[in-house]
Student: 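Right, I'll just put the structure down here and ask away after.
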There are 2 protein chains.
Amino acid sequence: MAQADTQREPPFRGRATIRDIADLAGVSIATVSRVLNDRPDVAPETRENVLQVVREQGFSTNRGARGLSSGRTGMIGLTLPLVADAYFGPMLSGASEALYERDMRIVLAPTFHDHDREMSLLDRLMRGTTDGAILMLPEESADELRMLQRQGFPFVVVDPREAPPEGIACVAAMHASGAKQATEHLLELGHRRIGAIAGAQGWYATEERLLGFRAALAGAGILLDPELIVYSDWRIPQGTQAAEQLLSLPDPPTAIFGFNDNVAIGALHAAHARGLSVPDDLSVVGFDDTEPAKIVTPQLTSVRQPLAEMGRMGVSLLVRLIEGQRVDALRVELATKLVVRDSTAPPRA
Amino acid sequence: MAQADTQREPPFRGRATIRDIADLAGVSIATVSRVLNDRPDVAPETRENVLQVVREQGFSTNRGARGLSSGRTGMIGLTLPLVADAYFGPMLSGASEALYERDMRIVLAPTFHDHDREMSLLDRLMRGTTDGAILMLPEESADELRMLQRQGFPFVVVDPREAPPEGIACVAAMHASGAKQATEHLLELGHRRIGAIAGAQGWYATEERLLGFRAALAGAGILLDPELIVYSDWRIPQGTQAAEQLLSLPDPPTAIFGFNDNVAIGALHAAHARGLSVPDDLSVVGFDDTEPAKIVTPQLTSVRQPLAEMGRMGVSLLVRLIEGQRVDALRVELATKLVVRDSTAPPRA
DNA sequence: GGAATTGCCGGAAACGTTTCCGAGTGCTTC
DNA sequence: GAAGCACTCGGAAACGTTTCCGGCAATTCC
């Protein structure tokens with residue numbers, strides 16, 4: 001049916017342009033442009049006629065040309081450290097879905113953790129090609145971000161690495177609240193000595209989650225043993241290593257709170273290697289609730305971050321920014337929620 | 001240093017254009033264009049002078065305009081079913097890396113498995129915006145692909161769903177060989193009753209892997225019990241279900257070969273639920289060797305598919321297609337290789 | 001019944017590039 | 001010493017849109 005015979009002449013070489021459509025429909029290109037963009041000032045009959053020809057010819061407007069002419073390309077740039085990742089994947093997915101609904105497209109720019117100038121280089125390249133950008137876990141400092149902003153390029157940062165600077169659109173998760181929930185869950189189960197495998201030092205997520213962890217402990221009247229906190233690089237091997245360090249303590253913890261799923265899974269491996277049973281001998285909680293949390297055995301209790309929703313929300317903010325609408329809430333925080341699975345239980349008596 | 005003072009006037013409103021650069025450098029825009037595109041016919045001195053101004057102004061050429069004028073946008077479209085996925089992630093990653101090296105960009109178009117027209121709609125939209133496309137596991141039939149090709153749009157399919165049609169650029173993995181290796185590994189360990197959790201029926205990958213599976217069995221003089229093959233939708237829950245079915249057989253298999261990691265992990269779960277120990281009571285092999293294979297306990301023996309390399313190779317083919325170079329090998333198959341981990345062992349005596 | 005308004009539409013100038021064509025140098029060559 | 005060539009460069013026409021501005025009809029208003 002897509003191949004239905006074209007009623008009118010099927011002429012012109014190559015791809016149809018707005019000019020061809022105009023000729024075929026017997027109107028001017030201005031009119032065609034108007035119907036294509038749902039502008040007023042077109043008679044219903046004319047509009048329908050043009051649309052008919054458009055359908056027949058399978059025409060779609062050249063976005064490059066539109067971008068040149070109107071200044072709006074309908075594409076937005078998206079940078080992130082990694083694309084093949086259980087954490088960034090859902091964010092990207094959420095963003096691309098939201099963009100798709102708006103008939104916009106994503107120009108992907110993975111930075112592969114090239115701290116130096118990768119990022120600034122990338123979005124420099126992007127200007128003129130995109131209408132704005134979403135920066136996921138940007139490498140850039142607050143100063144650099146502010147500079148970008150001063151140049152009038154619309155962007156929003158999703159999941160900031162540092163504390164998000166004032167006046168920059170930003171979506172994050174409620175780290176502290178999530179960490180508090182997780183810790184309280186462990187507390188309620190009866191754990192008193194709880195180890196934490198934190199993330200990288202200085203990161204916003206690390207600091208905030210530490211805050212929540214401490215708050216919960218304080219609420220239970222427990223004072224924190226500094227030995228029970230060890231930092232990591234967020235990755236599995238360091239999680240394993242950190243857990244080993246924790247479990248080698250003279251008075252080892254009965255539960256471990258990993259600041260993301262990776263390090264929690266690392267802890268699972270460490271326990272397994274020691275012949276410790278989870279959750280009987282050791283409880284483990286993760287953070288993020290990424291896909292791996294569900295496939296690991298035992299399934300991991302974890303704090304759910306609405307990753308896809310963060311991507312969508314980023315798009316939502318960005319679009320409003322681009323359209324010049326006033327955005328009242330430049331900074332949005334999405335709720336986190338503990339998901340209890342099989343890796344947590346009361347401590348052994 | 002990126003902020004070094006601009007020696008010359010820092011004029012013009014907004015973003016610098018090639019016109020501004022030309023004025024600043026005291027040459028014509030044609031000359032600027034030539035140096036920007038590394039064309040000959042520019043005096044070394046002039047070239048250096050222009051480059052200097054370009055650097056000072058942080059100029060980068062407007063890709064939209066370039067696309068309009070030259071017909072080459074430097075962007076390529078990439079469609080895939082899912083972006084947040086352990087299987088497609090690495091492919092996407094490899095492709096984006098390869099594109100980055102060529103100073104090209106990816107326009108992402110996830111189809112979210114919308115079989116109907118999503119795809120055709122998407123790349124229709126892409127024309128005029130992109131120079132070509134990479135189709136990962138396309139929903140489209142061979143006929144539709146051929147039609148696309150006839151329209152002169154360069155594209156390559158990576159990981160075809162059906163047997164790849166003649167004359168279409170395509171990169172795949174050596175499914176049969178990998179499946180044969182996996183099965184032989186099990187046979188060498190002494191297994192004689194081996195169950196298979198196949199993928200979706202009719203898929204290229206499924207059929208090819210079945211071929212390898214059968215070949216290995218035949219090589220060992222074992223004739224296949226049809227009960228030992230059950231199809232799935234490639235996903236974990238159906239893997240679990242299929243494994244349960246297999247393990248409930250009067251004479252259950254001592255090893256299970258999952259046609260991807262998902263269903264193998266599903267089998268792991270089923271074994272765990274039955275109190276069966278892997279690999280002591282049951283050996284399990286997966287396929288793809290995605291990230292989850294490494295984090296699951298026990299770590300999964302799996303057939304490695306060079307996912308990222310497939311993405312890169314796709315780009316390589318596509319670029320040659322776009323540049324109109326003759327590509328001799330339109331169809332490339334990448335080797336697979338068994339990675340032995342902890343989920344396989346000799347059967348219990 | 002003329003003037004003002006409204007509804008539709010076309011002409012044409014942008015938008016920022018690339019590229020073809022030709023022109024001006026300064027050298028070689030016979 | 002004129003002709004030819006190689007090397008550089010600039011002018012200008014595209015590329016496919018959007019959008020401003022103005023024009024013509026048909027309607028409405030006093």
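Residue numbers start from 1 in every chain, and the chains themselves are labelled A, B, ... in the order their sequence lines are given, proteins ahead of strands.
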Student: When you measure from the side-chain N and O atoms of A/Arg66 to the phosphate of D/dT18, is any distance below 4.0 Å, counting only OP1 and OP2?
Tutor: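 Checking D/dT18 against A/Arg66, a side-chain N or O does come within under 4.0 Å of OP1 or OP2.
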Student: Give a yes or no on whether a salt bridge exists between A/Asp103 and A/Arg63, defined as a side-chain N under 4.0 angstrom from a carboxylate O.
Tutor: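 Yes, A/Asp103 and A/Arg63 are salt-bridged.
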Student: Quick one: is C/dT18 close enough that its OP1 or OP2 comes under 4.0 Å of any side-chain N or O from B/Ser33?
Tutor: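 Yes.
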Student: From C-beta outward on B/Val42, which listed nucleotide comes closest to its side chain: C/dT17, D/dG16, D/dC9?
Tutor: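 Of C/dT17, D/dG16, D/dC9, D/dC9 is nearest to the side chain of B/Val42.
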Student: Can you name the one residue among B/Val83, B/Leu137, B/Val158 that meets side chain to side chain contact (heavy atoms under 4.5 Å, CB included) with B/Phe88?
Tutor: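 Output: one option passes, namely B/Leu137.
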Student: So B/Ala43, base contact, sugar-phosphate only, or nothing? Heavy-atom distance under 4.0 Å.
Tutor: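 Result for B/Ala43 = sugar-phosphate.
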Student: In whole Å, what is the span from the CG atom of A/Leu68 to the P atom of D/dA14?
Tutor: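 To the nearest whole Å, that distance equals 17 Å.
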Student: At under 4.0 Å between heavy atoms, what does A/Ile29 touch on the DNA or RNA strands: base, sugar-phosphate, or nothing?
Tutor: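 Base: the residue A/Ile29, judged by heavy atoms under 4.0 Å, touches a nucleobase.
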Student: Grab the CG-P distance between A/Leu36 and D/dT17 for me, whole Å please.
Tutor: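 Distance, rounded to whole Å: 8 Å.
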Student: Between A/Asp131 and A/Arg105, is a salt bridge (charged side-chain N to carboxylate O under 4.0 Å, His left out) present by the stated rule, with each step listed?
Tutor: CA-CA 10 Å; A/Asp131 300 334; A/Arg105 301 280 172 272; over 6 Å; no
Student: Classify the nucleic acid contact of A/Arg39 as base, sugar-phosphate or nothing, counting any heavy atom under 4.0 Å across all strands shown.
Tutor: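 It contacts sugar-phosphate atoms only.
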Student: Grab the CZ-P distance between B/Arg72 and D/dA14 for me, whole Å please.
Tutor: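 Distance check: B/Arg72 CZ to D/dA14 P gives 23 Å.
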Student: For the pair made of CD in A/Glu45 and P in C/dG7, what is the distance, rounded to whole Å?
Tutor: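 Answer to the nearest Å: 17 Å.
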Student: Kindly say if B/Asn62 contacts the phosphate of C/dC15, meaning a side-chain N or O under 4.0 Å from OP1 or OP2.
Tutor: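 Answer no for this pair, as no side-chain N or O of B/Asn62 is under 4.0 Å from OP1 or OP2.
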Student: Which is true for B/Thr31 with a 4.0 Å heavy-atom rule: it touches a base, it touches only sugar-phosphate, or it touches nothing?
Tutor: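 Sugar-phosphate contact only - B/Thr31 comes under 4.0 Å of backbone atoms but never of a base.
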Student: When you measure only distances, ignoring hydrogens and angles, does the side chain of A/Arg63 come within 3.5 Å of the base of D/dG16 through a donor and an acceptor?
Tutor: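 There is none.
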Student: Taking for each residue the nucleotide of DNA chain D bearing the nearest heavy atom, is the 5' side occupied by A/Ser69 or by B/Thr46?
Tutor: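 The residue closer to the strand's 5' end, by nearest nucleotide, is B/Thr46.
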Student: Regarding B/Arg146 and B/Glu140, does a basic nitrogen lie under 4.0 Å from an acidic carboxylate oxygen?
Tutor: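 Judged by the 4.0 Å cut-off on N to carboxylate O distance, B/Arg146 and B/Glu140 do not form a salt bridge.
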Student: Provide, to the nearest angstrom, the distance between the CD1 atom belonging to B/Ile18 and the C1' atom belonging to C/dT19.
Tutor: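 Rounded to whole Å, this separation is 12 Å.
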Student: For A/Asn37 and D/dT18, what is the distance between atoms CG and P respectively, to the nearest whole Å?
Tutor: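 Roughly 4 Å, once rounded to whole Å.
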Student: Are any of the side-chain nitrogens in B/Arg331 or B/Glu333 under 4.0 Å away from the carboxylate oxygens of its partner?
Tutor: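 The answer is yes: the pair qualifies as a salt bridge.
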Student: Expressed in angstrom and rounded to an integer, what is the separation of A/Asp41 atom CG from D/dT18 atom C1'?
Tutor: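 To the nearest whole Å, that distance equals 15 Å.
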Student: Side chain of A/Ala30, heavy atoms from C-beta onward: which of D/dT19, C/dT19, D/dT18 has the nearest atom to it?
Tutor: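 For A/Ala30, the side-chain atoms sit closest to D/dT19.
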Student: Roughly, in whole Å, what's the span from CG in A/Asp20 to P in D/dG16?
Tutor: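 After rounding, the reported distance stands at 9 Å.
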Student: With nearest nucleotides of DNA chain D determined for B/Arg34 and A/Ala65 from heavy-atom distances, which residue corresponds to the more 5′ nucleotide?
Tutor: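 So the residue in question is B/Arg34.
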Student: Once side-chain hydrogen bond (donor to acceptor under 3.5 Å, both in side chains) is applied, do any residues pair with A/Arg312, and if so which ones, sequence neighbours excluded?
Tutor: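 A/Arg312: side-chain hydrogen bond (donor to acceptor under 3.5 Å, both in side chains) contacts with A/Glu97, A/Glu309.
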Student: Establish whether the base of D/dT18 is bridged to the side chain of A/Ser70 by a donor-acceptor pair shorter than 3.5 Å.
Tutor: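 Between D/dT18 and A/Ser70, which were checked side chain against base, a qualifying N/O pair under 3.5 Å is absent.
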